[in-house]
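What follows is one structure encoded as structure tokens, with my remarks underneath.
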Amino acid sequence: MLEKIRKGSLVETAIQSLRQAIESGDWRVGDKLPVESDLSESLGVGRNTVREAVRVLVHVGMLETRQGDGTYVRATRDAGETLRRIARTQLADQLEVRIMLESEAAKLAANRRTESDLKLMSDALDARARSADHLEERIHHDQRFHHAVVKASHNPALVELYDYFSHGIGETIERTEKDADLPEPSQEEHELLLAAIRRGDADRAGSLARALLHPSLRVLQSGAKV
């Protein structure tokens with residue numbers, strides 16, 4: 001099940017070996033891990049190394065240590081590692097995820113937004129417009145607007161999922177704003193999306209949210225830019 005560690009950082013390699021065993025299904029959620037001495041022998045490292053690797057995987061939520069009982073598998077994915085893998089994917093893949101999340105969020109927001117939600121979105125867009133000549137500020141306020149739209153969906157699961165992908169989403173916003181080869185969504189397009197949400201037109205809001213990113217996605221998918 002576990003390969004002996006022969007080189008590299010012992011703790012980091014032990015973490016990776018344990019993570020791979022969990023992700024591949026060698027241990028499933030709810031399974032109890034072998035005792036520390038057995039893991040130490042299987043990996044070919046000291047018990048202190050095993051103990052530290054387990055602590056790290058407990059911290060990221062993959063393992064759970066029960067006092068006086070043992071260590072159990074809590075989840076099959078390391079959230080931090082998943083985010084790193086997302087960051088290594090192609091921009092086109094990340095844009096597809098953004099389109100799915102943001103178009104559904106916009107549709108829900110059109111039906112559920114409150115006056116407070118509308119003010120958050122409007123304030124963010126006003127600030128985005130004022131930052132037309134300051135790229136970093138415009139990117140920041142662009143992110144504020146999209147997060148406000150998702151928040152206005154009033155779907156806690158969607159909000160959590162969007163926040164989970166927020167780093168990758170922020171990178172796609174930055175790249176579409178900075179990359180001259182990628183069409184940049186205009187202020188007017190953002191304002192039209194807000195107007196659709198304001199008047200409660202869910203279908204139009206979803207369509208406009210998709211339209212913001214489809215031009216960039218088409219460029220990437222055409223092979224013009226990877």
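Everything quoted here is computed from the prediction, not taken from an experiment. Both backbone and side-chain heavy atoms feed into the values below; hydrogens, waters and symmetry mates do not.
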* If two hydrophobic side chains count as joined below 4.5 Å and joins carry through other members, does M100 share a cluster with L108? -> yes
* Asked: Just how far is it from atom CE of M62 to atom OG1 of T76, taken to the nearest 0.5 Å?
  -> 6.5 Å
* Asked: Among all residues two or more places apart in sequence or in another chain, which pass the side-chain contact (heavy atoms from CB on, under 4.5 Å) test with R199?
  -> A195, A196, D201, R204
* Before giving the answer on side-chain contact (heavy atoms from CB on, under 4.5 Å), spell out for L182 and L220 the whole-Å C-alpha distance, their side-chain angles and the decisive distance to 0.1 Å. => CA-CA 8 Å; L182 296 177; L220 292 166; 4.0 Å; yes
* May I have the step-by-step check of side-chain contact (heavy atoms from CB on, under 4.5 Å) for Q143 and H146, ending in yes or no? => CA-CA 5 Å; Q143 288 180 285; H146 289 290; over 6 Å; no
* Asked: If you round to the nearest 0.5 Å, how far is OG1 of T71 from CZ of R55?
  -> 11.0 Å
* To do: Please check if the side chain of D117 supplies one atom and the backbone of T114 the other of a donor-acceptor pair under 3.5 Å.
  => yes
* Where is the tightest heavy-atom contact between H154 and R112, given as atom of each residue plus distance? -> CD2-O, 3.5 Å
* Does L101 share a hydrophobic cluster with L120, counting links as ILVMFWY side-chain heavy atoms below 4.5 Å and allowing steps through other members? -> no
* Y162 and E102: CA distance, side-chain angles, deciding distance, side-chain contact (heavy atoms from CB on, under 4.5 Å) verdict -> CA-CA 9 Å; Y162 193 79; E102 292 182 8; 2.7 Å; yes
* Looking at E64 and K32, does any basic side-chain N land under 4.0 Å from a carboxylate oxygen? -> no
* Give a yes-or-no answer on whether the side chains of R144 and H147 include a donor-acceptor pair shorter than 3.5 Å. => no
* **Cluster link L10 to L57, ILVMFWY, side chain under 4.5 Å** => yes
* Asked: Atom NE2 of H214 and atom CD1 of I99: how far apart are they, to the nearest 0.5 Å?
  -> 4.5 Å
* Structure fact -> Checking E137, Q187, H141 against R128 for side chain to side chain donor-acceptor pair (under 3.5 Å), the one that qualifies is Q187
* To the nearest 0.5 Å, what is the distance between CD (E36) and OG1 (T49)? -> 10.0 Å
* To do: Write down the atom of L193, the atom of A209, and the distance for their closest heavy-atom approach.
  => CD1-N, 4.1 Å
* To do: Check whether any side-chain N or O of R113 sits under 3.5 Å from a backbone N or O of R198 as a donor-acceptor pair, and report yes or no.
  => yes
* Asked: Are V58 and V45 co-members of a hydrophobic cluster defined by side-chain heavy atoms under 4.5 Å apart?
  -> yes
* Structure fact -> Scanning both residues in full, the closest heavy-atom pair of D69 with Y72 reads OD2-OH, 3.0 Å
* Asked: Between L18 and A53, which heavy-atom pair has the shortest distance, and what is it?
  -> CD1-CB, 4.0 Å
* **Test item: S42 side-chain N/O and D38 main-chain N/O as donor-acceptor pair under 3.5 Å** => yes
* Asked: Taking it one step at a time, do V149 and M121 satisfy side-chain contact (heavy atoms from CB on, under 4.5 Å)?
  -> CA-CA 7 Å; V149 171; M121 287 182 270; 3.5 Å; yes
* Structure fact -> Sequence neighbours excluded, the answer for side-chain contact (heavy atoms from CB on, under 4.5 Å) partners of E188 is S186, L192
* If every non-hydrogen atom of V73 is compared with every non-hydrogen atom of R28, which pair is closest and at what distance? -> CB-O, 3.3 Å
* Of the non-hydrogen atoms in R138 and A132, which two are nearest, and what is the gap between them? -> NH1-O, 2.9 Å
* What distance separates E184 CD from S216 OG, expressed to the nearest 0.5 Å? -> 9.0 Å
* Under 4.5 Å between side-chain heavy atoms, hopping through other hydrophobics if needed: is there a path connecting I15 to I22? -> yes
* **Heavy-atom donor-acceptor pair, S122 side chain to L118 backbone, under 3.5 Å** => no
* Asked: CZ of R74 to CZ of R66: how many Å apart, nearest 0.5 Å?
  -> 10.0 Å
